[in-house]
Protein chains: 2
Amino acid sequence: MLLLRRCQALTRFGSLTPHRPQAPAAATWCAVRFVGSGSHNKDQRWERGGLGPSWRQALVGLLAGTGAVLAYGFHHHKAEHTDVVSVQIKEQTSDLPIFSQEEVTKHRTLKDGVWVTFKGSVYDITEFVTMHPGGDKILLAAGGALEPFWALYAVHNQEHVLEILSEYKVGELRAEDQKKQQSAPSMDPYSSDPERHPVLRVNSSKPFNAEPPPELLSDNYITPAAIFFKRNHLPVPQVDPASYELRVDGLPGGVLKLSLEDLKKRFPKHTVTATLQCAGNRRSEMNKVKQVKGLNWGLSAISNATWAGARLCDVLLAAGYGPEAARWARHVQFEGLDKDVTGTTYGASIPVNKATSEEGDVLLAYEMNGEPLPADHGFPVRVVVPGTVGARNVKWLSKITVSPEESSSHWQQNDYKGFSPTTDWDTVDFKSAPAIQELPIQSAITVPADGAMVPRAGEEVTVKGYAWSGGGREVVRVDVSLDGGKTWQVARLRSGDEGKTPEPTPLGRAWAWKLWELTAPLPPDAHQLDIVCKAVDNSYNMQPDTVAPIWNLRGVLSNAWHRVKVNISDDEE
Amino acid sequence: MLLLRRCQALTRFGSLTPHRPQAPAAATWCAVRFVGSGSHNKDQRWERGGLGPSWRQALVGLLAGTGAVLAYGFHHHKAEHTDVVSVQIKEQTSDLPIFSQEEVTKHRTLKDGVWVTFKGSVYDITEFVTMHPGGDKILLAAGGALEPFWALYAVHNQEHVLEILSEYKVGELRAEDQKKQQSAPSMDPYSSDPERHPVLRVNSSKPFNAEPPPELLSDNYITPAAIFFKRNHLPVPQVDPASYELRVDGLPGGVLKLSLEDLKKRFPKHTVTATLQCAGNRRSEMNKVKQVKGLNWGLSAISNATWAGARLCDVLLAAGYGPEAARWARHVQFEGLDKDVTGTTYGASIPVNKATSEEGDVLLAYEMNGEPLPADHGFPVRVVVPGTVGARNVKWLSKITVSPEESSSHWQQNDYKGFSPTTDWDTVDFKSAPAIQELPIQSAITVPADGAMVPRAGEEVTVKGYAWSGGGREVVRVDVSLDGGKTWQVARLRSGDEGKTPEPTPLGRAWAWKLWELTAPLPPDAHQLDIVCKAVDNSYNMQPDTVAPIWNLRGVLSNAWHRVKVNISDDEE
């Protein structure tokens, strides 16, 4: 408990600076020790808390530490801009008692009661501690303000969370203590996040998740980095390239440590054009069937870039990977430098055969579109796993571990998996489904937009979009319908920018999307077009027709036919 | 032309014995020379013949030599049992002139006119020669009887073909010449085909194509060879295992010749359980949308067996495959010993990376379910390409060629490819689509059968089926609906026979199907169940909902949700 106290003192106000990998804070260290091995075991917590189904539904999104954005879907169609850090001094008008900070600070154990403050009110959350989906980590805030923690776990900034909190209100914080809180230095771990392009549509600002407007996507075969979709799970770490060090471990030769210069000089530079797609791309269409948990992505959580770096297989060979390791190795785990308040870093793993095969083209990339990686995309080094869901393309890479096991991270074990539409948060067993790796066939219409007007005088309509499949499977055809799927036309595909001859794709290594286009006469009597697209890859996988039968509680793998409705306008103008 | 005459003399009557690989007949050799390079070029022929769309539609199924069964679909729902060889002596009652065989024999060039006989009638088909979808090969029959050729190309035994022929009738064959034809030795190249199990549902008897009843499929995790679906393109060749020789060529070390003993002794025996599926499995469901061309397969053109043999990668290494060949090699071609009347053998190819990778598990199999291969399954040696469409699993293997090119065979180039539902025989461009290799995710309901009665007194219904995906992608889930797809339940999967613990499947090498089962309460008020199944593989590929949008002119890749309707009977009996 002494350790815990020290933790609290360190983390409560001000001391929670943006995390820098060079010097993990003591807070981080002791929090990890305190939380212990149960930190990822949701079931265990549920049992302890004895929560009923309705509670589970409301709270399960708020998974421990690592699940920072799990429940963002509740905010669909609006970005999260609330800044919980700017505390307003409340007028003290309620009938509840007024407490000093000193009084609040006395309540930081289950024995003494667990009190917290939020926006000038005081809450006794002792009874809630065992029910907190984030587990014991809630005690880090005991005796102090919630704001610095909620600034990191923006998932809390939701109406239903505030409702839950309000049930535990016991009083108001003394006005002078509110002023002290306000004058504390910035507690926002996202304060050093980079500037972003204003055209991006922001799904959450902390952590930053944003996508470009669809019509820009199909304008560029290679997506400019500035508008490449951003999918961060945590604050962007600031990394000094000069002191950057990548550790490769788990192999018989011991730990291999590589500087950025080592990566550039010791290994051949390999260039791959690869499309990355978030597992949640097109989640908003699932939300229309039934609410899911997750960021409300439109259809642009996918982009295509040219990446350059060292090949993972070369680095693993240099680290001692060989026939002996091949006997027991099954997975290659990655760890990022982005971490949460407990020090838990982002992590994921991929199958060892993908990692070690030359044809797998897995890169430790330090360039994106010919430039050093931007901060949002993993500067200085990220993994690029072509053909594989974005979540395994770990950014700000700090560690590679060859292992018989998958990554134990929340994102590998308890997220980014697909389930039957019948599975809900009461029945889900994350162990029953494989972690998403290769993604299924996908396509979407970027132009025209849903609801657009098409002038009849033009006599034609041009439909544009993208198509891509996971696992290096090449898109071989895109069918487009103007009548909701009754009749189809075959779109023209392209694998490069207009006028440029693309390199031929080696079989099984079609890592990049195809853009497609169809110009078709307007049906003479139609007033509306129900435009649909569906793609086929070279294993002849096809997209499912409708969303409801592939709906799943996390809203991932949304790859049904994409549909937009447009109106034909008779107005000559 | 001298060569051609000799050909005709050799092939006309009696001399067309079942093909044996040991001694290719002179007829075969000269026919190939005569037919020349245009034999696969359908478009060229269409242009020459100046055929309109309706002709094309009627005739396009009768593709040159190799396309023996292309138009079998016209016979849907009944097997082909007509035996054209048993000629009846016709009474000569028509007003048309009577010709002697001698007179007929004079007409065997375009200059002299091209006459043929069929069932006692004489036809002047000179004008039809340029329109024959099978090309110049028709001249092999000039001056003689059609029966021996149609016995091989059973595709001709169709009403509309007889109608076309009737337009060219010029007379009757003299009665004594009809008798001579009848007394000629059997011309049936299928006469030495093996006996088959009576339970099989025969889709065509010559060549033999048959499938087991669905309910037997799900009774056995390993399908017994006797009921394993049979898919022959040509007569079953009779091969003497003692003189069998496999040639491996295309590699710098020259030709490697291997006897059956060599294959067994020089290379480690490797065992793989792998499901084979015909590209046309479930074609009958496409026929219900709109007629396609091809055998009218139900849902059992898929089976699972344990195969043993030498690994193709080991044999290729022994034949000199190495880094030098890897620079130019792109495909590995296979040739069978089964051939048509022109000597054209069955052929196919697979990508070189599949062929040469240990993880690809490609076998030169000489055992099926622990026994030597049965005649129908390729005795003595066949290729087993796990995860890949049946058509590439070449039986009665005679030759392996490492090449920069795909097989030039009809079945690789102009068949077994998928197209948009909008593509018809007038617009199809076979070069525009890739040859089917890996197959997409598939599942079907084997029990209960469509239209079955389920007693309400039983209170439950048990649904069974199979699920499989190509490319080694493991089936991870099967969803079953009793209400047409509105709600779903997750079926129990099994990867082995009941009571046996299956071996764990290495990632990416899930070659065998899963059987699945669901027992669910009968919905209390329902009188009918609309049972649906859909499967998901570990790349989260899913089956399309409906058949029409994946309909294609060859009726391949039929993998929409499978549906059966059953009635609930209130009868206590």
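Note that the structure is predicted; figures quoted are calculated from it, not measured. Residue numbers start from 1 in every chain, and the chains themselves are labelled A, B, ... in the order their sequence lines are given, proteins ahead of strands.
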Item to check | Sorted by number, residues from residues 537-548 of chain A in contact with chain B (heavy atoms, under 4.5 Å) | outcome: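 Contacts with chain B: A/Asn538, A/Ser539, A/Tyr540, A/Asn541, A/Met542, A/Gln543, A/Pro544, A/Asp545, A/Thr546.
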Item to check | Per-residue contact mode, A/Arg330 against chain B (heavy atom under 4.5 angstrom) | outcome: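 The answer is neither part of A/Arg330.
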Next on the checklist: For A/Leu439, which atoms come within 4.5 Å of any heavy atom of chain B: side chain, backbone, both, or neither?
Outcome noted: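 The backbone, not the side chain.
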Next on the checklist: Suppose we screen for salt bridge (Lys or Arg N to Asp or Glu O under 4.0 Å). Which residues come up paired with B/Arg494, at least two apart in sequence or across chains?
Outcome noted: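 With neighbours one apart ignored, the set is B/Glu498.
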Checklist entry - Please walk me through it: do B/Thr422 and A/Val490 pass side chain to side chain contact (heavy atoms under 4.5 Å, CB included)? => result CA-CA 8 Å; B/Thr422 200; A/Val490 178; 4.2 Å; yes
Of the backbone (N, CA, C, O) and the side chain (C-beta and beyond), which part of [X] lies under 4.5 Å from a heavy atom of chain A, both, or neither?
X        : value
B/Ile436 : both
B/Ala560 : neither
B/Thr487 : neither
B/Lys534 : side chain

Item to check | Best-contacting candidate, B/Pro351, B/Pro421, B/Ala433, against chain A by heavy atom pairs under 4.5 angstrom | outcome: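 Greatest number of close heavy-atom pairs with chain A: B/Pro421.
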